[in-house]
Amino acid sequence: MSLNFPNEALSNMNSHPSTPDMLVRMLDSMTVEEKIGQMSQFFGYDEQISEHLAHSIRQGRVGSVLNEVRLDTVNELQRLAVEESRLGIPLLIGRDVIHGFNTIFPIPLGQAASWCPETVKKCAHISALEAATTGINWTFAPMIDISRDPRWGRIAESLGEDPHLCSVLGVAMLEGFQGEQLDKTGSIAACAKHFAGYGAGESGRDYSTTNIPENELRNVYLPPFKAAADAGVATFMSAFSDLNGVPASGNKWLMTDILRKEWNYKGFVVSDWESIQQLTTHGFSKDNKDAAYEATDAGIDMEMVSSTYLDHLPALLAEGRIDIQQINTAVKKILQLKWQLGLFDNPYTDASLLPIPMNSQHLQIAKDAAIQSCVLLKNDNDILPLSADSLNSVAIIGPLADDPYEQLGTWIFDGDSQHSQTCLTAIEQELSGKASTHYVKAIETSRSYDQTDFKQAIESAAAADVALLILGEESILSGEAHCRAEIGLPGCQEQLIDAIAKTGTPIVLVIMAGRPLTIETVLPKVAAVLFAWHPGTMGGPAISDLLFGKASPSGKLPVTFPRKVGQVPIYYAQKHSGKPATEAAFVHMNDIPVHSPQTSLGMAATHLDTHFSPLFPFGFGLSYMQFRYQNLQLSHKVLHLGETLTVRVLLTNTGDTYGEEIAQLYIRDLVGSVTRPVKELKDFKRVKLAAGASEWVTFELSTDKLAFYDRNMQLVTEAGQFQIWLGGCSQTGPQDEFEIVDA
Ligand code: GLC
């Protein structure tokens with residue numbers, strides 16, 4: 001017989017939504033096993049609810065289930081918990097809703113290229129609405145790992161290389177998921193992951209070791225998580241990775257000293273998939289019992305999938321190695337979130353209260369997001385936008401031109417590729433009645449080396465006014481555990497470009513990929529490059545609108561594109577070093593005289609075989625019109641600590657059509673008690689300008705925005721000289737200087 005938690009207490013709890021002591025009373029009524037049950041997350045996705053899962057729920061051994069996405073199954077899971085367990089505590093239902101649910105938006109790295117918090121928030125909000133129709137109330141997103149290594153497959157899931165951009169967009173994403181109130185229909189709890197430093201894995205291999213000095217952690221990798229914590233993200237997730245010898249999922253310095261004591265974070269931390277049990281694999285814990293001790297003591301409140309807590313916490317408590325207060329603290333946070341989500345009030349989902357997934361509004365927002373995410377990297381002689389009226393014949397070539405699944409990208413468990421609109425369908429629709437189109441897939445998959453169909457592609461291109469090549473990476477070549485040591489176009493795609501280039505027909509290259517690609521050798525052979533990431537459900541119409549001028553590209557790179565993979569890690573906010581790379585110092589190996597003595601080279605931080613600059617820098621992106629930045633003005637040339645600098649520039653759209661530009665504000669702190677980056681993004685703004693229009697773009701820069709962690713790990717703004725830029729990319733824009741003096 002199941003005794004539900006005394007109703008009057010539950011009703012009292014609900015009548016006092018902010019009364020934590022009601023949770024304490026519930027806590028007091030729980031057995032140790034029931035408490036540990038709340039700290040345990042099981043996985044689902046069985047056709048039927050397994051007897052093991054149902055029995056565990058009835059026993060109060062389950063606090064959360066992940067990967068169940070059928071509404072009837074989820075409601076039955078909740079019913080089992082609420083009506084057939086002793087206390088009737090509802091479940092958290094988790095899922096990776098990363099960049100969409102049924103409607104798929106651009107991959108997060110693509111959304112980051114929009115530099116548009118409003119867009120990112122809208123995409124997350126719709127993702128939450130659609131996920132909530134299946135009873136999901138918790139997503140494992142945003143992923144806000146700073147990612148500076150394009151070999152890493154999960155760069156696709158990140159918001160790029162920069163702490164400020166990642167912080168702003170990460171907060172927008174979590175706000176989109178969580179809405180104004182967690183208990184509002186369609187709001188789901190978010191999860192800041194993977195705490196912390198996961199993106200710095202050696203050689204870009206997933207799950208590999210990270211060694212990040214504390215100063216670098218605090219100045220680069222932690223800021224997006226601090227921003228998420230301050231913005232009220234409901235949960236954190238610990239990383240798989242070993243951080244300086246202490247795996248994150250057993251790292252008390254991260255989970256308790258930083259997250260709880262320093263940041264006063266009140267939410268709870270869930271481990272990554274079996275990452276607690278993996279503490280034994282790391283060689284950090286000698287067995288699962290030790291792993292359970294380390295993780296609990298570190299401050300991991302809920303265990304994802306592995307069962308070291310269920311199996312060993314009772315003994316650890318009995319032995320006094322873990323204190324009941326540690327358990328109570330974890331359980332209270334978990335109960336608090338269930339309460340905030342309104343689950344005690346109503347654990348069941350009525351999908352009729354939510355919008356129908358994949359509706360026209362959702363698809364329109366997916367298209368708008370894809371348009372804002374695409375980055376125009378090259379546009380020789382303004383070949384783009386193409387004029388449909390002046391074309392007779394267009395060749396559409398490539399394995400990604402008409403692949404509804406691949407354009408969705410990684411982490412799309414519930415994406416519905418049947419609703420995808422591909423480039424081919426969109427371009428054929430656009431040119432219908434205007435120009436003839438000839439489609440040749442040419443290569444079976446992006447990884448294929450079979451050139452059998454090249455001949456057909458060559459013929460199609462030779463007969464066309466322009467060849468639209470839609471190439472890149474299949475979605476499986478990025479994402480978790482899908483890292484690449486070489487990051488060029490896979491398979492024989494470059495050979496295809498060579499073959500088409502020989503026809504003399506101009507090539508417009510559209511690339512879909514989950515990471516920056518090394519396309520230096522491709523560039524001379526094509527007239528234009530539009531980088532579309534994996535653009536999602538509406539990628540085709542978005543790309544077609546951009547190619548034919550119904551929209552103008554406005555995306556800017558959220559991550560640096562290297563010339564060669566050997567340059568990695570390469571990012572704009574690098575340190576100056578004592579012998580910086582300069583044009584004067586750079587000597588290419590082909591220019592070195594034979595028998596040169598050892599000391600005759602440039603003696604600088606450069607390679608012999610590749611120029612030290614990136615192929616495309618952070619913040620780069622072309623439009624169909626030129627934007628002019630002039631008259632940079634500073635309110636002060638000298639500031640006292642605590643004052644605010646107002647900086648503005650006159651931005652003009654010199655083109656003949658409306659356009660949007662992302663103005664970017666960078667600074668350089670010339671001298672610091674620890675070395676400072678040569679540039680740091682401090683603010684940005686999307687500016688909309690009619691043809692020929694000008695607008696003053698103004699930013700307010702308080703001196704506390706210039707703060708960094710010094711060698712004593714104190715957050716300080718130091719007096720000294722600063723440089724400042726305001727432009728459309730990290731490498732351009734008018735520059736000025738100012739000085740901060742002590743008060
Ligand atoms: C995976 C990922 C994590 C994800 C979790 C649940 O291994 O690392 O990001 O949220 O497991 O799928």
Side-chain angles (χ1 to χ4, degrees), residues 40-46 63-69 91-101 107-109 124 127-128 131 134 136-147 152-159 166 170 173-174 177 188-201 204-210 221 224-225 228 233-243 247-251 254 267-279 281-282 295 300-307 409-415 475-476 478-483 514:
S40 305
Q41 182 180 59
F42 283 50
F43 72 88
Y45 57 69
D46 293 343
S64 172
V65 173
L66 86 159
N67 290 348
E68 265 308 346
V69 289
L91 300 166
L92 290 174
I93 305 293
R95 183 67 163 176
D96 292 286
V97 184
I98 306 298
H99 57 105
F101 188 68
I107 55 171
L109 192 58
S127 305
T134 68
I136 290 165
N137 51 44
W138 184 21
T139 179
F140 306 120
M143 186 274 215
I144 47 180
D145 298 305
I146 293 298
S147 305
W152 190 40
R154 301 196 80 163
I155 194 169
E157 193 185 340
S158 81
L159 294 169
C166 186
M173 193 176 280
L174 76 91
F177 287 128
I188 62 177
C191 181
K193 72 182 188 182
H194 307 78
F195 196 53
Y198 182 34
R205 285 175 295 113
D206 206 354
Y207 317 122
S208 65
T209 306
T210 66
Y221 291 90
F225 288 97
V233 70
T235 62
F236 267 56
M237 181 186 291
S238 64
F240 282 122
S241 39
D242 175 340
L243 174 63
S249 297
N251 194 311
L254 274 179
F268 76 80
V269 178
V270 64
S271 77
D272 203 334
W273 189 289
E274 298 182 335
S275 66
I276 293 177
Q277 187 171 311
Q278 287 169 14
L279 296 178
T281 316
H282 278 283
I300 309 293
D301 303 295
M302 183 182 280
E303 179 172 19
M304 183 186 282
V305 174
S306 49
S307 60
T410 186
W411 283 113
I412 49 100
F413 290 152
D414 308 290
S475 57
I476 197 63
S478 59
E480 181 171 354
H482 295 109
C483 307

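Note that ligands are numbered from 1 as they come in the structure, with each ligand's atoms numbered from 1 the same way. None of the values given here were measured: they were computed from a predicted structure.
- Within ligand 1, counting atoms from 1 as listed, the ones closer than 4.0 Å to a heavy atom of Phe240 are 7 (O), 8 (O).
- Put simply, the side chain of Asp272 does not reach to within 4.5 Å of the side chain of Phe195, judged on heavy atoms.
- In this structure, the side chains of Thr134 and Phe101 come closer than 4.5 Å at one or more pairs of heavy atoms.
- Ligand 1 is never approached by Met143 to a heavy-atom distance shorter than 4.0 Å.
- Inclusion of Tyr198 in the set of residues having an N or O under 3.5 Å from an N or O of ligand 1 is not warranted.
- For the residue pair Thr281 / Gln278, no side-chain donor-acceptor distance below 3.5 Å is found, with atom types taken as modelled.
- Here the protein heavy atom with the shortest distance to atom 11 (O) of ligand 1 is Asp272 OD1, 3.1 Å.
- Distances between N or O atoms of His194 and those of ligand 1 include at least one value under 3.5 Å.
- For ligand 1, one of its N or O atoms has an N or O atom of Arg154 under 3.5 Å away.
- Near Trp273, meaning under 4.0 Å from one of its heavy atoms, ligand 1 places the atoms 7 (O), 11 (O).
- Taking only nitrogen or oxygen atoms, main chain and side chain alike, Glu480 reaches within less than 3.5 Å of ligand 1.
- You'll find the side chain of Thr210 stays beyond 4.5 Å of the side chain of Tyr198, heavy atoms only.
- Just one residue in the list Pro224, Cys166, Ser158, Cys191 forms a side chain to side chain contact (heavy atoms under 4.5 Å, CB included) with Met143, and that residue is Ser158.
- We find the CZ-CD distance between Phe43 and Glu68 to be 10.5 Å, quoted to the nearest 0.5 Å.
- Of all atoms in ligand 1, numbered sequentially from 1 with element shown, those under 4.0 Å from a heavy atom of Phe140 are 10 (O).
- Looking at heavy atoms from C-beta onward, Leu254 lies out of side-chain contact with Phe225 at the 4.5 angstrom threshold.
- Ligand 1 has no N or O atom lying under 3.5 Å from any N or O atom of Glu157, backbone or side chain.
- Residue Lys193 approaches ligand 1 through these ligand atoms, each under 4.0 Å from one of its heavy atoms: 3 (C), 4 (C), 9 (O), 10 (O).
- Contact of the Met302 side chain with the Ser64 side chain is registered, since non-hydrogen atoms from C-beta on lie closer than 4.5 Å.
- Nearest protein heavy-atom neighbour of atom 10 (O) of ligand 1: Asp96 OD1, 2.5 Å.
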